[in-house]
Amino acid sequence: MLDSKLRFFLQRCVVLGQTKQVHAQLVVNGFNHLEPVLVHQTLQLTKEFSRNVVYYVKRILKGFNGLDSFSWGCLVRFLSQHRKFKETVSVYIEMHNSGVPPSSHAITSVLRACGKIENLIDGKLIHAQALKSGFCGCVYVQTGLVGLYSRLGYIEMAKRAFDDIAEKNTVSWNSLLQGYLESGNVYEARRVFDKIPEKDVVSWNLIISSYAKKGDMGNACSLFLAMPLKSPASWNILIGGYVNCREMKLARTYFDTMPQKNTVSWITMISGYTKSGDVQSAEELFKHMFKKDKLVYDAMITCYAQNGKPKDALKLFSQMLNSDIQPDEITLSSVVSANSQLGDISFGTWVESYVTEHGIKIDDLLSTSLIDLYMKGGDFAKAFKLLSNLNKKDTVSYSAMIMGCGINGMATEANRFFREMIKKKIPPNLVTFTGLLSAYSHSGLVQEGYECFKSMKDYNLEPSADHYGIMVDMLGRAGRLDEAYELIKSMPMQPNAGVWGALLLASGLHNNVEFGEIACSHCVELETDPTGYLSHLANIYTSVGRWDDARNVRDAMEEKKLRKTLACSWVET
DNA sequence: TTAGGGTTAG
């Protein structure tokens, strides 16, 4: 009687607190055989991932006297469903080490997880276990194997696993299709697609997504129009394709007409606007969203951080915390980047304590943004420690380091890091050279800077206008104005105001009227507000005693300023 | 089984 009563209560639990109450009842009455039902129910009712639930369930599992592969399987599946793939694998291993035989659910889930985190070694081990435990006749497990090998690019293995399936379902076919798409064999993929006996939405979405990723929107769109039933994912794939091609207008048209938008649709649009620098449109979408989840906040914070609005990024971050949404390492990397733009080094300490308090893992990307923060703030030791603790040092982390050296005029260190990355076969990029050149420039090492600039072509890098700007600045400061001017004339692209501005600045330092005039005229042409440049020129005239010219320039400035003020008040009224 | 959020410059 009590048994069925407890079962009844369990099945009606809607929050963790209730299952915990019933659990206490079970234990008191010695009904431990109902614990698997409790585990199942608890995980079923947990719609949003919660670490507390995992701890709670794990505690129950550890207390089992008998082996329960059902309950363990529930947990493994729960973790996989909530995209905690590393944990899925580690819990599966824990289960195995406890001597619990796997269930088909557990195997299918862990195979998916191995595929997602590209863990071939464990994937193969689990394949062997599946064989040993006799699950290789189960279509779900077999399909899981096709999925694993497909995702990891072992198409031959995937094909073999697929051929072994006696009764293939559409998921089996789709997994194979994904394998061919992953390995870039479009021809074979198309053949598989055409052979699928009952194509479902996913079959269509997979093939459309492959065209969209390549930027072949013609094919993507015509298949999209041809498909019989569209899911929100189909629309999102198409929108994502247009976003990647920077076709925001078309993306917006589909976004506006799609029948059922979900958060993925909104995030795809917001990140599209982020990349095209349209903060206003991103903001407008964000404001109109009804239910904002963590990923939406992340997308919008990144939008601010990447478009030079660090203060807005931080404001939104505190709003996020106030809404009780927990940030993770992805959120924090953007927020650290925002703080780095503001030069607030104290935020690094905050992040480090927040991370330990909330059990967030500092991964390489978050470390890199912290390296940038500490280097800009001059805490070389902390940055260096983070760099040496990285799992994988890459172009970005080294560039952040070198960039910091550049800002702080540490040419020797910049050069040391540069040589280190070359030795490790990590390719430098344009940012690396921006850092390196500015390090030489700030230290006045003209010869080294020159060599470095010339060496860019050895790494197949074409200097940008900014790199020329640094060179002009460096040569100019050293008084080599002729060389600086010659360098500008040799530029393969149109020199920007930064380049001419550097020459103007140097002309001022060395009281050179000739180059000052040339540089200033170009700056005025390129920028809407010429007052700063003109005042520089006036100072040059003054320094060589050409008072009349100085006055003429200042008069011209007054007139322009007056006109600007008039224009402003005209607009205001 | 498909679709969404991150790090270095300006």
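Proteins get letters first, then strands, A, B, ... in listed order; numbering begins at 1 in each.
A:I239 comes within 4.0 angstrom of nothing in the nucleic acid, heavy atoms only. Among the protein residues, A:D363 comes within range of the nucleic acid bases, having at least one heavy atom under 4.0 Å from a base atom. Residue-level contact check: A:D394 touches neither bases nor backbone, having no heavy atom under 4.0 Å from any strand. Heavy atoms of A:N262 sit under 4.0 angstrom from at least one base atom. The residue A:K292 sits apart from the nucleic acid: no heavy atom pair falls under 4.0 Å. At the heavy-atom level, A:D466 lies under 4.0 Å from base atoms of the strands shown. Residue contacts shown for A:T434 include a base, since a base heavy atom lies under 4.0 Å away. A:D293 comes within 4.0 angstrom of a base, heavy atoms only.
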Begin from the C-alpha positions of A:L229 and A:W204 and carry the test side-chain contact (heavy atoms from CB on, under 4.5 Å) through to its verdict. CA-CA 9 Å; A:L229 248 179; A:W204 285 90; over 6 Å; no
Candidate pair A:R416 and A:E413, rule salt bridge (Lys or Arg N to Asp or Glu O under 4.0 Å), full reasoning: CA-CA 5 Å; A:R416 188 165 63 80; A:E413 287 81 0; over 6 Å; no
Go through the steps for A:Y440 and A:N415 under the test side chain to side chain donor-acceptor pair (under 3.5 Å), then give the verdict. CA-CA 9 Å; A:Y440 289 130; A:N415 184 257; 2.9 Å; yes
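Rounded to an integer number of Å, the gap from A:E182 CD to B:dT2 C1' is 12 Å. Remark: P of B:dT1 and CG of A:L181 are 16 Å apart, rounded to the nearest angstrom. Between the CG atom of A:L390 and the P atom of B:dT8 there is a distance of 14 Å, rounded to whole Å. What separates CD1 of A:I270 from P of B:dG6 is a distance of 11 Å, to the nearest Å. One can place CD1 of A:I196 at 14 Å from P of B:dT2, the figure rounded to the nearest angstrom. Distance, A:N429 CG to B:dA9 P: 11 Å, rounded to whole Å. Taking atom CD1 of residue A:I237 and atom P of nucleotide B:dG4, one finds them 8 Å apart after rounding to whole Å. For the pair A:Y374 OH and B:dT7 P, the computed distance is 18 Å after rounding to whole Å.
Listed candidates were B:dT8, B:dG6, B:dT2. Nearest to the side chain of A:V396 is B:dT8. You'll find that the side chain of A:D200 is closest to B:dT1, out of B:dT1, B:dA3, B:dG6. Closest approach to the A:S271 side chain among B:dA9, B:dG4, B:dT1 is made by B:dG4 (side chain taken as heavy atoms from C-beta onward). Of the listed nucleotides (B:dA9, B:dA3, B:dT2), B:dA9 has the atom at the smallest distance from the side chain of A:V431. The side chain of A:L430 approaches B:dA9 more closely than any other nucleotide in the set B:dT1, B:dT7, B:dA9.
Listed in residue order, the members of residues 306-316 of chain A having a heavy atom less than 4.0 Å from DNA chain B are A:Q306.
Taking the six-membered ring where tryptophan is involved, the planes of A:F380 and A:F417 are tilted, since the angle between them lies from 30° to 60°.
Close to B:dT8, at under 4.0 Å from its OP1 or OP2, lies a side-chain N or O of A:S337. Look at A:R83 and you won't find any side-chain N or O under 4.0 angstrom from OP1 or OP2 of B:dA3. Here A:K393 does not reach the OP1 or OP2 of B:dT8: none of its side-chain N or O atoms lies under 4.0 Å away. Under 4.0 angstrom from either OP1 or OP2 of B:dA9 there lies at least one side-chain N or O belonging to A:K376.
Pairs engaging residues 200-227 of chain A under the salt bridge (Lys or Arg N to Asp or Glu O under 4.0 Å) rule: none recorded [sequence neighbours left out].
Judged by distance alone, with hydrogens and angles left aside, the side-chain atoms of A:D364 form no donor-acceptor pair with the main-chain N or O of A:K393 at under 3.5 Å.
Between the side chain of A:S333 and the base of B:dG6, a donor-acceptor pair under 3.5 Å is found. Applying the 3.5 Å distance criterion, the base of B:dT1 shares no donor-acceptor pair with the side chain of A:S175. Between the side chain of A:T263 and the base of B:dG4, at least one donor-acceptor pair of N or O atoms lies under 3.5 Å.
Applying the salt bridge (Lys or Arg N to Asp or Glu O under 4.0 Å) criterion to A:R160, with sequence neighbours excluded, gives no partner residue.
Ring centroids of A:W235 and A:F224 are separated by less than 6.0 Å, placing the two rings close together. For A:W500 and A:Y533, the ring centers are positioned 6.0 Å apart or more.
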